[in-house]
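Below, chain A is the first sequence line, B the second, and so on; all start at residue 1.
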Amino acid sequence: EESHKFGQDEEDQFDELFLQSADAASEVHLMGASPVGKETYMKSVRKTIYQKIHDKLEEIVDNIEIGKKRKKKKTTKPKTLDELSERYSIVNIGGSIVPTFNPGFRVWEYNITGLEQGTQIQQFKPWNEFFEDLEKKLQTEFLDEVAIEGVESNKVRRPDKTIPKKKPESIPLGPAYEPQLFSPTKFVQYFADLKEINDEYYGKTDSGNDNSKAAKEAFKFQVEYTSEDKPYPMESLLVKDFLKLASDLTQDNKLWEIFKERAFISSGYDED
Amino acid sequence: DPRIGKERLLYGRFLHITDIHPDRLYKEGSSIDYVCHGKEPSKKRDYAPKFGKAMAGCDSPVDLMDHTLRWIGEHLKDKIDFVIWTGDNIRHDNDRKNPRTEFQIFEMNEIVAGKFQALFGNQNTEDPRDFDVDIIPSLGNNDVFPHNLFAMGPTLQTRELYRIWSNFVPQEQKRIFSRSASFLTEVIPGKLAVLSINTLYLFKANPLVDNCNSRKQPGYQSLIWLGYILDEIRARGMKVWLSGHVPPIEKNFDSSCFHKFTLWTYEYRDIIIGGLYGHMNMDHFIPVDGKKARKALTRQV
């Protein structure tokens, strides 16, 4: 059992290292548009990133149950899904047109209800004045920093302006966390089935049709899936919905297979 | 839209498109094994088809790009509010017999930008900045020469890039763009903005990026720009989408850049709606943890 565990840890470490150090750019440079190591990458996303989210969601459930027994136990860990989701933001990575897999793109839908009744645009400094000021600030900032770094005796640590201040608690959460104006509500993922398109095109040109007409008729995008589709329909596209999905994907291999199929734009890609 | 003095109908929809990689050397009927660049195929399976072949390793035939844009024009153009277009608009540098030149990279970027302009620009006006659908492009790691390597501006490359994107980048940001190759577009004036972030300054494969801690690093300067912009968006009560080519995840960014970028998205969670990126060619999402980022930075300090 111990040796099995050891092996498991090693594998986890490998996955973590793969995620952190594999250099996607050099892969691309060498291999062009070829899909290289994409399944290994997805596997490591599932085992490290999504699994951690699942574990944290489990802790929330556990905390709730423990909380019922020992009400006053203090913890800094998030107690609810909302609290947990506030920690996260979502990096959405799109499928490409280049046929690494099939070509694909996405149409996002967002809430515009109430926009027309919204408050009038407040008067602010015109953008050109803002950017003129910003240009001066950035110029000064850069020159100051270069000058200071050049002075060896200067030991005073200046605040790092690339570390933001904490969000004031009084400011409410934005459209990524709570349904409101501009919250993303749905997406539709389109793809072009290149095999089907090329087959149709060559079928038409073989029978003597005009090439450009045949191309127009054959080439089409179709809906690959939407965020509302089974087997993992998302109620909305708030951060918490993505966290729930990430967690579900670690628990259900069938879901995972479909998620991967969609990640590889229904191309049937299989690393093995 | 106060910029053009017209009412605009909003649909509550926008398009994200990425990594077109058009390849003018792609030749239908040539050998896939030789990146579809003209050599005769040895067998039927090796035949490069008209619209490209999934997983074969060739870049996009120009036909694929043109028909994609035509299809979007016919089916989506009249139903969307703006387009987020996250870069890589030229073939990969993977054909040793035909290495890419700086001129070819700019030329193809100009051609693709022209196609977007023609598709989404308002055809009833002479103002090239008047779009039916706003376009927010961002810079890909293959859109620069040599690939991945991009220095802090002003440089010849940032100047050339501005020339190519001059109709997409608001005029008042020309000088800042020449430094950062990043910009902000108000897609719904006073309400909603999209940031085009030059992620190459944070990308660990850019040989000119060591970290985001040293004040002379392009990533450090870039984050300062980001901070001022986010502050202003918050002050105006607006919301914002982030966009760029290389996704801000540990695999791609230098660790200090990754943690700092993640922390900005966390501390401005009242205004940031999300981030849209390309580069990896796979449709997926990565949640990033803001509290963990702050802890990591505190440890570093």
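Counting heavy-atom pairs closer than 4.5 Å to chain B, the top-ranked of the candidates A:Ala176, A:Pro126, A:Pro103, A:Ala215 is A:Ala215. Of the listed residues B:Ala54, B:Gly12, B:Ser255, the one with more heavy-atom pairs under 4.5 angstrom with chain A than any other is B:Gly12. Of all the listed residues (A:Ile93, A:Asn92, A:Val107), the one sharing the greatest number of non-hydrogen pairs under 4.5 Å with chain B is A:Ile93. Contact count versus chain A (heavy atoms, under 4.5 Å) is highest, among B:Ala293, B:Pro22, B:Gly219, B:Pro287, for B:Pro287. With respect to chain A, the highest number of heavy-atom pairs below 4.5 Å among B:Thr86, B:Val83, B:Leu242, B:Ile229 belongs to B:Ile229. Ranked by non-hydrogen atom pairs under 4.5 Å with chain A, the options B:Met65, B:Arg234, B:Glu74 are led by B:Arg234. With chain B as the partner, the residue from A:Lys216, A:Glu178, A:Gln189 showing the most heavy-atom pairs under 4.5 Å is A:Lys216. Chain B forms the most heavy-atom pairs under 4.5 Å with one residue out of A:Leu237, A:Ile90, A:Asn198, A:Ile265, and that residue is A:Asn198. Each of B:His75, B:Gln171, B:Lys79, B:Arg294 has some count of heavy-atom pairs under 4.5 Å with chain A, and the biggest count is that of B:Arg294.
With a 4.5 angstrom heavy-atom cutoff, B:Trp241 touches chain A only via side-chain atoms. Of the two parts of B:Leu230, neither the backbone nor the side chain holds a non-hydrogen atom closer than 4.5 Å to a non-hydrogen atom of chain A. Residue A:Tyr269 touches chain B through both its backbone and its side chain, counting heavy-atom pairs closer than 4.5 Å. Only the side chain of B:Arg70 comes within contact range of chain A, with at least one heavy atom under 4.5 Å from a heavy atom of that chain. Within the 4.5 angstrom heavy-atom criterion, only side-chain atoms of B:Trp71, from C-beta onward, approach chain A. If you measure heavy-atom distances from B:Leu226 to chain A, you find no contacts under 4.5 Å at all. If you measure heavy-atom distances from B:Lys53 to chain A, the contacts under 4.5 Å come from the backbone alone. Of the atoms belonging to B:Asp81, it is side-chain heavy atoms, and not backbone ones, that fall under 4.5 Å from chain A. Residue contact with chain A, scored on non-hydrogen atoms closer than 4.5 Å, is absent for B:Tyr26. Using a 4.5 Å cut-off between heavy atoms, A:Phe219 touches chain B through backbone and side chain atoms alike. For B:Phe183, no part sits under 4.5 Å from any heavy atom of chain A, backbone or side chain.
Contact of the A:Phe221 side chain with the B:Ile72 side chain is not registered, since no non-hydrogen atoms from C-beta on lie closer than 4.5 Å. Side-chain contact check for B:Gln173 versus A:Trp127: every heavy-atom pair is 4.5 Å or farther apart. Considering only heavy atoms from C-beta on, A:Leu173 stays 4.5 Å or farther from B:Asp270 through its side chain. Contact annotation: the side chain of A:Phe182 approaches that of B:Lys191 to within less than 4.5 Å [non-hydrogen atoms, C-beta and beyond]. In this structure the side chain of A:Ile97 never reaches within 4.5 angstrom of the side chain of B:Thr18, judged on heavy atoms. You'll find the side chain of B:Asp289 reaches within 4.5 Å of the side chain of A:Lys56, heavy atoms only. Counting heavy atoms from C-beta outward, B:Arg269 and A:Tyr177 have side chains that approach closer than 4.5 Å. Side-chain contact between A:Arg46 and B:His284: absent, with no pair of heavy atoms (C-beta onward) separated by less than 4.5 Å.
Screening B:Leu276, B:Leu15, B:Ile84 for a side chain to side chain contact (heavy atoms under 4.5 Å, CB included) with A:Trp108, the sole residue that qualifies is B:Leu276. In summary, of the residues considered (A:Phe259, A:Tyr225, A:Phe264), a side chain to side chain contact (heavy atoms under 4.5 Å, CB included) with B:Asp283 occurs for A:Tyr225 alone. Of the residues B:Gln217, B:Arg215, B:Lys260, the one that meets the side chain to side chain donor-acceptor pair (under 3.5 Å) test with A:Thr162 is B:Lys260.
Taking the six-membered ring for Trp, A:Tyr50 and B:Phe285 have ring centres closer than 6.0 Å.
Every residue two or more places apart in sequence or in another chain that forms a side chain to side chain contact (heavy atoms under 4.5 Å, CB included) with B:Ser256 is listed here: B:Asn211, B:Cys212, B:Asn213, B:Asp254, B:Gln300.
When all heavy atoms of B:Ser60 and A:Pro99 are compared, the pair lying nearest together is OG-CD, 3.6 Å. Of all heavy-atom pairs spanning A:Tyr41 and B:Met282, the tightest one is CD2-CE, 3.4 Å.
Salt bridge annotation for B:Glu232-A:Lys125: absent, with no cationic side-chain nitrogen under 4.0 angstrom from a carboxylate oxygen. Look at A:Lys167 and B:Glu267 and you find no salt bridge, because none of the NZ, NE, NH1 or NH2 atoms lies under 4.0 Å from a carboxylate O.
Rounding to the nearest 0.5 angstrom, the gap separating the CE atom in B:Met55 from the NZ atom in A:Lys195 is 11.0 Å.
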